Amino acid sequence: MPMTITEKILARHAGVDQALPGDLINVNVDMALANDITAPLAIKVFKEIGTHFVFDPEKIALIPDHFVPNKDIESAEQAKVMREFAIQHQIKYYYEIGQSGIEHVILPEKGLVIPGDLVIGADSHTCTYGALGAFSTGVGSTDLGVIMATGKTWLKVPQTIKLNYEGNLLPWVEGKDLILYTLHELGINGANYHALEFSGTVIKGLSMAQRFTMTNMAVEAGAKNGIIEPDEITLAYVAERSSRSPFVCTTDPDADYEKVINIEVGKIEPQVAFPHSPDNVRPLSQVGNITLDQVFIGSCTNGRLEDLRKAAMILNGRTVANGIRLIVIPGSQLIYGEAIKEGIIQTLINAGAVIGPPSCGPCLGGHLGVLAESERALSTTNRNFIGRMGHPKSEVYLASPVVAAASAILGRIGSPDEI
Amino acid sequence: MKLQGKVRKFGDNVDTDLIIPAKFLNVSDKDELAKNCFAYLKPDFINTINHGDIIVAGENFGYGSSREHAPLAIKSAGISVIVAESFARIFYRNAFNIGLPILESKEAYLSIREGDQVSVDLSTGEIEDKDIGKIFFARPIPDFMREIVDAGGLVEYIKKKGLTDDRCV
């Protein structure tokens, strides 16, 4: 029977010829991932199981990124649990701050995920790696603890929804706008338990950075995974970073999708998600006068070099509006270094931005830019739930880096065309 | 197993940031997590419930992050079972893995009221609201997931079955 790319990767890792939607399968995991918040619980589970060895120290990545550099004694203790475990079990891909960054930025950057891989992470945005033509999904700490012990997990094969993007992008429209528009179309549980396959000529024209932005937010529609068939852009990206041979597969022409949604991009303008849900999306022209207190550019959604480069292009020779706090956090140490070399950081500093250490930053409201009561932020991140970035009465709006940069200059949500 | 308790009712799309805001994720201890369960939505939640109380909620309960701290906080706060119209994917999996039973029933959500006395039979999926005198039936839980809940969670299940059992790994 014909299969989708998701079904093919799952079948391969379950050692079966066919993986059909609804099948419960037992899969081998190529990379298991956890961070400083989820790893300590997973490690507790690992110890409770009573096993003494991880299944493969070269197939586990433990990344301190959420509350680092540690914000308080408790978070330092959590990071210490992970660090000590990594040392004890000789986990190959443990990166201390200084070599590190956000998990979903550095795993692709260091070539640890390639097409055809199956990645399970104790973080919901593990779905990001689908941009590489891999199957990847988020789980909780117990699942991850068991995977660290066994290298296996059970999965239910998801049905696939195909999103087909055609047409020509309007100025300032990026992967972020496409995914926000898509979330508006699907709703926040519109893809619950499903695979989202992003395809069409528009996707083929996107850089890897923009593809990562899109698959990153697949979970915001409830999807199990987001995925993009690998092409020349994917393979060139991977060839520079990994010596492993990718398993390149694509969806069979007559594969069975649950549905196919055609999206004509020519009518899509830059998009903004309003509080308190990533699917509460409006076109930029219909936003109205939303004044801001803070703008954040960064995260596993939009903290890559291309994102910072675009923000700097907008901010070059301009300054942040009075009363606005602009926080920029490079997604990794490597990106930080490149951004310095290219003069991006200097441009941002001249404009009045404060640069944070590579980490998740204020995205989840724990650290490095938390909002006070009634404050309003525009953020390039992926979630704007109640209290996500701080006080439960604060507000978070989501948009692309170019809209974020323009809005920092304007002091309200606005377009790069207005500056 | 029959569970019995007073209902705490929630709406649609209760996300994991509402269940336990990220600023409280700097600890892993389940009792500490329970203290901040629903910190923004229902402050002092833990002090308003009795052990065994039941959450009834709408669609997409547990939407958002993969934090297992969310079902752990709920379970440690004393909630015995969650009945919702539907659950978000990762939360669904996490709840079973930590031994917090969950059932799906739209009818139960639409009829059951805050404060009602409800009993839930996990083996049959029967949900009885004694105050309104109605019985609802939830979609059955897959057998192997029932075994996980009965064992008290995935860790206990694995300890019982051994790591080589294909179904558990």
Side-chain angles (χ1 to χ4, degrees), chain A residues 24 26 37-38 40-42 44-45 48-51 66-67 71-75 77-78 81 121-126 137-143 145-147 149-154 188-189 192-193 219-220 222-224 276-277 363-367 370 383 385-388 390-392, chain B residues 12-18 21-30 32-33 39-41 43 59-72 85-99 142 144-145 148 153-159 163-169:
Chain A
L24 282 172
N26 199 25
I37 286 181
T38 59
L41 269 178
K44 189 164 162 270
V45 165
E48 281 173 10
I49 292 169
T51 182
H66 277 59
F67 289 158
K71 70 187 185 102
D72 52 23
I73 294 168
E74 288 82 3
S75 67
E77 296 291 345
Q78 299 289 295
V81 168
D123 187 281
S124 60
H125 292 108
T126 303
T137 194
V139 296
S141 294
T142 298
D143 274 320
V146 173
I147 293 168
T150 65
K152 292 178 180 199
T153 194
W154 65 268
I188 51 169
N189 59 357
N192 211 357
Y193 298 93
V219 68
E220 265 56 73
K224 180 173 233 162
H276 293 282
S277 179
C363 172
L364 69 163
H367 198 23
V370 177
R383 290 188 177 137
F385 304 151
I386 293 169
R388 173 72 180 182
H391 196 281
Chain B
D12 292 335
N13 300 312
V14 173
D15 64 70
T16 51
D17 279 81
L18 279 179
K23 74 178 225 186
F24 303 116
L25 299 181
N26 55 358
V27 295
S28 300
D29 182 78
K30 59 184 171 44
E32 284 298 314
L33 293 169
Y40 295 161
L41 193 63
E59 283 186 308
N60 206 24
F61 189 91
Y63 167 70
S65 101
S66 71
R67 64 189 69 161
E68 200 164 289
H69 312 65
L72 265 182
E85 182 176 339
S86 65
F87 292 91
R89 188 188 68 79
I90 304 175
F91 186 91
Y92 185 86
R93 206 173 157 120
N94 286 348
F96 281 105
N97 282 345
I98 64 151
F144 82 107
M145 294 178 90
I148 292 173
L154 188 60
V155 171
E156 295 306 318
Y157 177 79
I158 286 176
K159 279 193 198 162
L163 272 176
T164 52
D165 188 318
D166 253 9
R167 288 174 305 169
C168 67
V169 293

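Treat the numbers as computed from the prediction; the structure is a model and nothing was measured. In the text below, chain A, chain B and the rest are named by the order of the sequence lines, each starting its count at 1.
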Between [X] and chain B, with a heavy-atom cut-off of 4.5 Å, which part of the residue counts as in contact: side chain, backbone, both or neither?
{"X": "A/Ala42", "answer": "neither"}
{"X": "A/Glu77", "answer": "neither"}
{"X": "A/Asn192", "answer": "side chain"}
{"X": "A/Lys71", "answer": "side chain"}
{"X": "A/Gln78", "answer": "side chain"}

**Greatest number of heavy atom pairs closer than 4.5 Å to chain A - which of B/Phe91, B/Phe87, B/Tyr92** =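 Most heavy-atom pairs within the cutoff with chain A belong to B/Phe87.
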**Request:** Measure the OG-CG distance between B/Ser86 and B/Asp12 for me, rounded to the nearest 0.5 Å.
**Result:**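 Going from the OG atom of B/Ser86 to the CG atom of B/Asp12 covers 8.0 Å.
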With only heavy atoms counted, which part of [X] is less than 4.5 Å from chain A, the side chain, the backbone, both or neither?
{"X": "B/Asp15", "result": "side chain"}
{"X": "B/Leu25", "result": "both"}
{"X": "B/Asn26", "result": "both"}
{"X": "B/Leu41", "result": "neither"}

**Item:** Side-chain donor-acceptor contact under 3.5 Å, A/Ser75 with A/Asp72
**Value:**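 Short answer, yes.
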